[in-house]
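Reviewing the structure listed below.
In each ligand, atom 1 is the first atom listed, and ligand 1 is the first ligand listed. Only this structure's heavy atoms are used, side chains among them; waters, hydrogens and symmetry mates stay out.
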Amino acid sequence: MDTNEAYKRIKRLRKELEEHNYRYYVLSDPVIGDREYDTMMEELVKLENEYPQYYNPESPSQKVGSDISSEFTQVRHDYPMLSLSNTYSRGELTEFDTRVRKGLNEPFEYVCELKYDGTAISIRYERGIFTRAVTRGDGVQGDDVTSNVRTVRSIPLKLRGKGYPEIFEARGEVLLPREGFLRLNRAKEEKGEPPFANPRNAAAGTLKLQKSSQVAKRPLDCIFYALYGEGLLFDNHYDNLTKAREWGLKISDYMKKCDNLDEVFAFIDHWDKQRFELPFDTDGIVVKVNSLRQQKKLGFTAKSPRWAISWKFSAERAATILRSIDFQVGRTGAVTPVANLDPVSLSGTTVKRASLHNADFIELMDLRKGDRVYVEKGGEIIPKIVGVDFSSRPSGSKKVNFIDNCPACNTPLKRDPAEARHYCPNHSGCPPQIKGRINHFVSRRAMNINMADATAGQLISAGLVKDPADLYSLRKEDLLKLERFAAKSSENLIMSISESRKVPYHRVLYAIGIRYVGETVARRLAESFGSVDELASAETERLSEAEEIGEKIAGSIKEFFEDPVNMEFISKLKSAGLQLKKDDVAERENGGNALEGRKFVVSGVFENYSRDGIKEMIINNGGKVVSSVSSSTDYIVAGENMGPAKLNKARKLNIPVISETDIEAMVKKKKDVNE
Ligand code: IVH
């Protein structure tokens, strides 16, 4: 190879590797395997060594870092790196909203983002080339950590595309995803070094390492959340960030524009629960005014901007001992490992058990019996194990192995690779699955049969029920034989079962318990498929044409109806006289016209109904549901945590705010009169 050819090859390899880096680290969508990537990288490094005249600091080979120890020099920020004011209270967030409204006195929108729990970084790009990376420091000046940050795989050394400002700073959070964090701590433990307390400390500590070659070995990531500079393309934050994604900067997929505080609260509530599914830690939500002009108008206090605030999730953490692990089988057959813990007090309750998700989680956390573990309670009911105190691990402890056979029926477990879950395939014969299906079937939002949880177990043990359809053949005499059943309670249950025959088609579809078919999906299915027979014979393609039905759901429906056991179950339901097709008369009979001509806004969280349930009640009784409060609204049905904006508007317009019991009464009164 002559020099000219070598240069051409070097350029080609750099270009291709850059593309693969981008696909792998930014888009998470690689098109080649690790080995192919490594071979290309080796060839590039070899050629660059042979032809040092072609050295280029932006080459993807430079991501491996250097062994030269660096001293960090202090650099003054062109734009100070301020912090955000924090809040944990809805009241304070409402006050923030009021201040913004007053300050602007014109329409505006918010952008909600996750608050990444890592360490802040400011990266300067000049003519598309990464030139400098500086930590936050004291906000005015920070450490120049350029050589370390260069090694972060998802940060481009050269921007893609065109049209970026000549000089700008991209600010974001350098973080260590949980998996990398756990691996790092395990390696530290093996070397007898103290582990990092959390991913945030690990990320911050890594950026301050003296050798960039060491930094390169840790799987740091970086998500950008702001651009600073002259000549940004748009006058709003959201569009600027979205554009920067095209230049190869990693921008969160979870940004959302919100028109009002209700939408902000909905975003918060969603992530309060979902954050645990993310591969990295987030400790809150950042709410920002979108327009840059309006940001400027609102300005800053000494420490933080007036146009942004961060909402912190509350998560109390406690340490306790992991005693043992149980494996539970759910109604779909999914096997969930559950940790038994020494009781510990957390957010006002005593915690004795924690969810362990699946085999990968146990493996990843490297959990062992006797470990001192940290538990946290976030938005969900079941607390989670979020970390292990490796320093106090008892010696000789053994790894926890996932079970191979169902703990209830001993059938060999199968593993669903897409879901990382183990499940028991014995759907029709495994008692906890049958019990789970029955309890789901009778639940209030499904068939609304008034039956205690424990009864399902009794019915199965007595051989009276093998699937939920068998409930319809129960007789009073059968129930009288069971413990805790007297004449009256037996009659009541039989009556409640019989009444459930009136439950409309879409709720029966939900009650059947097809995997991934929740209330909303069931409703959509009922709209698109007039009968269960039509649904059962639909091809996957036709299924996924229906609104909100993706491939996963379509596949699950198909699989369900392909199983002869399930078809037998459906046929029993038919014989029992359930509503298995759209029947407008029946649906109307179930309701009435008590609310005819009235308009309702439904807001908040209800005790006895889902929000959709309340809406359904309104529609079934002739009322109309509207989304925003206006002078033509007749009532607001308010649950807990109703959006303050809606409440204020309702008060202003003098619209009655009623509760779920009020609306129940309105519907019932009219019915009683009719009867
Ligand atoms: S915006 C002027 N957005 O939170 C404020 N910051 O207290 C600009 N952080 O040190 C910050 N995620 O590192 C912003 N989506 C996000 C963020 C975020 C995390 C960190 C940031 C900063 C701290 C602010």
List the protein residues in contact with ligand 1, where contact means a heavy-atom separation under 4.0 angstrom.
L82, S83, L84, E113, L114, K115, Y116, A120, R136, E173, Y225, V286, K288, P305
Positive for ring-ring contact (aromatic ring centres under 6.0 Å, His included) with W247, one of F168, F224, Y125
F168
Side-chain heavy-atom pair T135, K208 within 4.5 angstrom cut-off
yes
Donor-acceptor pair, distance only, cut-off 3.5 Å: does the side chain of D371 make one with the backbone of V373?
no
cation_pi(K552, Y516) dist<6.0 Å, angle<=45
yes
Check for a donor-acceptor pair, side chain of N290 on one end and backbone N or O of Y238 on the other, with a separation under 3.5 Å.
yes
Please check: side-chain N/O of D143 versus main-chain N/O of V145, any donor-acceptor pairing under 3.5 Å?
no
